[in-house]
Amino acid sequence: MKVLVINSGSSSLKYQLYDMRDESVLAKGLVERIGMDSSILNHKPTGGQEVTEVKEILEHNTAIRKVLSMLTDPEHGVIKSIDEIQAVGHRVVHGGESFKASALVDDPAKTEIRRLFDLAPLHNPAAMMGITATENNMPGVPQVVVFDTAFHQAMPEKAYLYGIPKVLYNKYKVRRYGFHGTSHEYVSHIAAEFLGQAIEDLKIITCHIGNGGSLTAVQGGHSIDTSMGMTPLEGLMMGTRSGDLDPAIVPFVMNKEELTVNEVNSMLNKHSGLLAISGISSDMREITDGMANGDANCTLAFEMYEYRLRKYIGSYAAAMNGVDVIVFTAGVGENSVVVREKVCENLTYLGVEIDDALNAIRSGEPRLISTSQSKVKVLVIPTNEELVIARDTYRIVSELK
Ligand code: ADP
């Protein structure tokens, strides 16, 4: 079965075409600047020549049509006809409390995803555009939705409720949902497999740190707590997001600076974090380069980032009464030797001991970076959210037959 995986943003659409016989990627690509002038379609057939086209793509419907025509293009394509695509899997950010697992796209599922627009106003409408565009261009092809929140639905009440009037939960479902669930679930399973241990017996802290970042305490294979909250703003300090702050700062700043709700949201989501503190960049590579060149603001941004990450690791070790495995994943987690080194340097009280030579190795494979004496195993595991979406889609669609 060939499965097309789609990750649809408000002005972008990422895709990967999988052959599920061997889980190989036949092609992948990205459409950017949908609805703006000069949209860009970048297409990479596996083993073939990468192509970039600049064209007018005004909406997601056209984006999907262009992607399908690229996938079947005589020169750059990887399939003869779109009929070869037997299922489509979509990443959907927010599944609320309704979706505890991936689901087939049917009318009730679509109604529910629309109902959740309120909780993820930037993300869920974009995913819905991708679903509708797929339906229009590939009528009758089954679609599956895979949610960032689903893995975290196992969290107990004490972890997901906020200490605010319960009526806000009852009326509006204000609670912690958590995100990056497909990644946390994937890397925790790979970790157990890599170590040859049953996931049921392990206490794992997964650190998904990219542009956005979240930590999860995975106990017995279940998410028991995670650092992102009702929205992806809570928790770690990130590239452009503030992470945790005293909630009273929000009305205080709004009042002093006469900011609107949108303005304060934009400040906390887009103009904070590493970018705000360094004054230079949200990209960890530029922060560590700046630090190496003696830039005081970059050094402070790095220290704040690392300190918060380490505090969360400590709190999740406390939540689980111990930790057997720490996993680093995503852009920063997989690539930044210095972030891993500095975080682990101050976790010796937990029995963490990093092997500097192992930490410095670069490879796209899961690997151990702790010493043989380390009480806690520390792993670097490349995440693969698209593969999880392809697998769930394949499983759910295969069960239909
Ligand atoms: P997203 O959260 O958008 O999916 P990624 O997981 O791809 O992002 O992570 C992107 C981030 O990873 C970049 O902003 C950059 O800070 C970081 N990153 C990528 N490569 C490196 C590297 N070699 N060293 C340090 N950080 C890196």
Side-chain angles (χ1 to χ4, degrees), residues 5-16 28-30 32 42 44 91-93 120 122-123 126-127 146 148-149 178-187 190 206-216 226-228 231-243 269-293 295 297-299 301-306 308-309 327-344 359-364 367 369 380-389:
V5 172
I6 291 178
N7 182 350
S8 182
S10 54
S11 65
S12 69
L13 189 143
K14 286 189 205 151
Y15 62 94
Q16 288 201 13
K28 60 172 140 183
L30 166 68
E32 284 175 291
N42 178 266
K44 288 182 205 156
R91 175 193 180 207
V92 181
V93 167
L122 298 177
H123 296 106
V146 179
D148 275 32
T149 49
F179 298 89
H180 299 134
T182 43
S183 177
H184 290 293
E185 184 173 15
Y186 175 76
V187 298
I190 299 283
T206 49
C207 312
H208 176 111
I209 41 176
N211 277 321
S214 66
L215 257 70
T216 298
T226 191
S227 63
M228 281 181 169
T231 76
L233 185 56
E234 194 181 346
L236 301 173
M237 189 173 97
M238 309 173 214
T240 62
R241 294 190 196 124
S242 63
N269 279 289
K270 297 186 181 149
H271 306 285
S272 296
L274 289 176
L275 176 64
I277 303 297
S278 72
I280 290 180
S281 173
S282 60
D283 191 312
M284 185 51 83
R285 284 165 290 202
E286 293 189 40
I287 303 298
T288 46
D289 285 352
M291 189 164 67
N293 293 328
D295 183 308
N297 293 330
C298 286
T299 306
F302 180 89
E303 285 177 356
M304 286 173 68
Y305 182 96
E306 178 275 322
R308 293 212 177 179
L309 185 50
V327 179
F328 287 98
T329 192
V332 178
E334 290 168 33
N335 296 299
S336 181
V337 175
V338 60
V339 166
R340 295 192 301 254
E341 179 194 315
K342 293 292 173 198
V343 166
C344 292
N359 187 33
I361 294 173
R362 292 193 178 274
S363 89
R367 63 191 192 280
I369 61 165
V380 177
I381 300 181
T383 194
N384 196 341
E385 290 159 289
E386 290 78 13
L387 178 61
V388 177
I389 298 173

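Everything quoted here is computed from the prediction, not taken from an experiment. Ligands are counted one by one from 1 in listed order, and the atoms in each one are counted from 1 as well.
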For [atom], what's the nearest protein heavy-atom neighbour? Residue, atom name and distance, please.
{"atom": "atom 16 (O) of ligand 1", "answer": "M284 N, 2.7 Å"}
{"atom": "atom 15 (C) of ligand 1", "answer": "D283 OD1, 3.2 Å"}
{"atom": "atom 5 (P) of ligand 1", "answer": "G331 N, 3.7 Å"}
{"atom": "atom 23 (N) of ligand 1", "answer": "N335 CB, 3.4 Å"}
{"atom": "atom 24 (N) of ligand 1", "answer": "R285 CG, 3.4 Å"}
{"atom": "atom 8 (O) of ligand 1", "answer": "N211 N, 3.4 Å"}

Taking the side chain as every heavy atom from C-beta outward, state whether [X] and [Y] have any atom pair closer than 4.5 Å.
{"X": "V339", "Y": "E306", "value": "no"}
{"X": "S242", "Y": "L233", "value": "yes"}
{"X": "L309", "Y": "L215", "value": "yes"}
{"X": "Y305", "Y": "S336", "value": "no"}
{"X": "E385", "Y": "V5", "value": "no"}

Provide the number and element of each atom of ligand 1 under 4.0 Å from a heavy atom of [X].
{"X": "G210", "answer": "2 (O), 5 (P), 6 (O), 9 (O)"}
{"X": "S336", "answer": "25 (C)"}
{"X": "V332", "answer": "12 (O), 16 (O), 17 (C)"}

Measure the spacing between SG of C207 and NE2 of H180 and express it to the nearest 0.5 Å.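 Those atoms lie 12.5 Å apart.
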Any chance you could measure N297, atom CG, to I277, atom CD1, to the nearest 0.5 Å?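 Going from CG on N297 over to CD1 on I277, the span is 8.5 Å.
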Mind checking whether G212 has a heavy atom under 4.0 Å from ligand 1? yes
